[in-house]
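Quick notes on the structure that follows.
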Amino acid sequence: METRNLQLEQFEQQRTHLLDVAYRMLGSMAESEDAVQEAWVRLDRAESAAIDNLGGWLTTVVARVCLDMLRTRRARREDLVGASLPEPVVTIEPEGNPEQQALLADSVGLALLVVLDTLNPAERLAFVLHDMFDVPFEEIAPMVERTPAAARKLASRARRRVRGMTPAHDRGLARQREVIDAFLAASRAGDFDALVAVLDPEVVFRVDTGDRLAPRPTVSGASAVARQVLARGSRFAPGARPAIVNGTAGVIIRAGAGLRAVAAFTVVEGKVAEIDLILDRQKLGRARAALAS
């Protein structure tokens, strides 16, 4: 029992890191917690005395579990249509809290997770482990059943796609908030011209309703997005409240005491370049719980 308690204590010291790895792999906190729990089950069954580097061993286990989950998800999605956005991590504005600001600085944005979701499972694992967590290719190679050189190529291919599809968003929550406030003001006023003025000409608007049978199409272009926002979203604007969504300025939309939606924004050169609106009730449930805690 004493050995098991020590093992559990060591595992808990690694939990935050393991959740970070899993969330970047899966884009879902619920699935990430399942992957981390599976790592504990496997550790509990293993001969811990034979494990030289517990952190590395657990990272490998979590990565392998996530890889299997991604492969299963990819096969399942072949029969599905519509946008499926990552599960958001939502917090309230830090208001100068150094500890929370440090956590936000290490956050992975929703826009990046959307791009990571376009990678195949092996590419995603190689990129996440190497580029985000400095895991050597010699350790990544067995996980994806390739040579270290081939694993390096996987990460390089993923890196090119990430760089090509992820806009370099404006830094600083205050600047992001200024742009989003202008977006909300125009939405509340029903001012089409003011709304277009705050949108990037190539802005992309994605909506995840959770309904794979009747999905909302992705809308692109400032005029089209402005019309969509004013036609469907202006009624949400009065209930919008500032929040941090995956480390960048966003909003939550409340309905009474409940949570109706979460919106993440990507701000590039003072314009809204991407809007990700999450209406999926299952994903909102975890965000609601986090805000209430």
Please report the shortest heavy-atom distance between [X] and [Y], naming the atom on each side.
X	Y	value
V62	A39	CG2-CB, 3.7 Å
A226	V196	CB-CG2, 3.8 Å
A243	I252	CB-CG2, 3.8 Å
A30	E87	N-OE1, 3.6 Å
A126	A151	CB-O, 3.9 Å
P88	V245	CB-CG1, 4.0 Å

Is there a side-chain contact between [X] and [Y] in this structure, where contact means two heavy atoms from C-beta onward sitting under 4.5 Å apart?
X	Y	answer
V61	E38	no
S223	F192	yes
F127	L154	no
L70	M25	yes
I253	V262	no
S220	V225	no
V144	L125	yes
T266	Q176	no

Say you draw a straight line from [atom1] of [X] to [atom2] of [Y]; how long is it, rounded to the nearest 0.5 Å?
X	Y	atom1	atom2	answer
D34	M29	CG	CE	11.0 Å
L18	L58	CG	CG	5.5 Å
L85	K283	CG	NZ	6.0 Å
I244	L173	CD1	CG	4.5 Å
S32	L26	OG	CG	5.0 Å
N246	L110	CG	CG	5.0 Å

Among all residues two or more places apart in sequence or in another chain, which pass the salt bridge (charged side-chain N to carboxylate O under 4.0 Å, His left out) test with R227? none
Residues two or more places apart in sequence or in another chain: which of them pass salt bridge (charged side-chain N to carboxylate O under 4.0 Å, His left out) with R15? E12
Shared ILVMFWY cluster between [X] and [Y], side chains joined below 4.5 angstrom?
X	Y	result
V115	V268	no
V203	V219	yes
V204	V162	no
M69	V41	no

Does a side-chain N-to-carboxylate-O contact under 4.0 Å join R216 and D208? no
Is the side chain of [X] donor-acceptor paired with the backbone N or O of [Y] at a distance under 3.5 Å, no angle test?
X	Y	value
T16	Q13	no
R71	N120	no
R24	D20	yes
Y23	V108	no

Suppose the criterion is ring pair (Phe, Tyr, Trp, His ring centres under 6.0 Å): which pairs have a residue in residues 135-186, not counting sequence neighbours? H130-F137, F183-F265
For residues 54-67, which residue pairs qualify under side chain to side chain donor-acceptor pair (under 3.5 Å), counting only residues two or more places apart or in two chains? H17-T59
Could you please spell out the steps behind the side-chain contact (heavy atoms from CB on, under 4.5 Å) verdict for R177 and D181? CA-CA 6 Å; R177 179 62 58 205; D181 285 347; 3.5 Å; yes
Of all pairs that satisfy salt bridge (charged side-chain N to carboxylate O under 4.0 Å, His left out), the ones with a partner from residues 153-172, not counting sequence neighbours: E123-R157, D131-R159
Which pairs count as salt bridge (charged side-chain N to carboxylate O under 4.0 Å, His left out) when at least one residue sits in residues 132-149, sequence neighbours excluded? none
Dump the intermediate steps for side-chain contact (heavy atoms from CB on, under 4.5 Å) on V251 and I180, then the final yes or no. CA-CA 9 Å; V251 300; I180 294 168; 4.1 Å; yes
Intermediate values then yes/no, side-chain contact (heavy atoms from CB on, under 4.5 Å), M143 and L129: CA-CA 11 Å; M143 302 182 206; L129 291 188; 3.6 Å; yes
R42 vs V65, side-chain contact (heavy atoms from CB on, under 4.5 Å): CA-CA, chis, key distance, verdict: CA-CA 11 Å; R42 296 187 187 187; V65 171; 3.7 Å; yes
Per side-chain contact (heavy atoms from CB on, under 4.5 Å), L116 is matched among L112, T118, V114 by L112
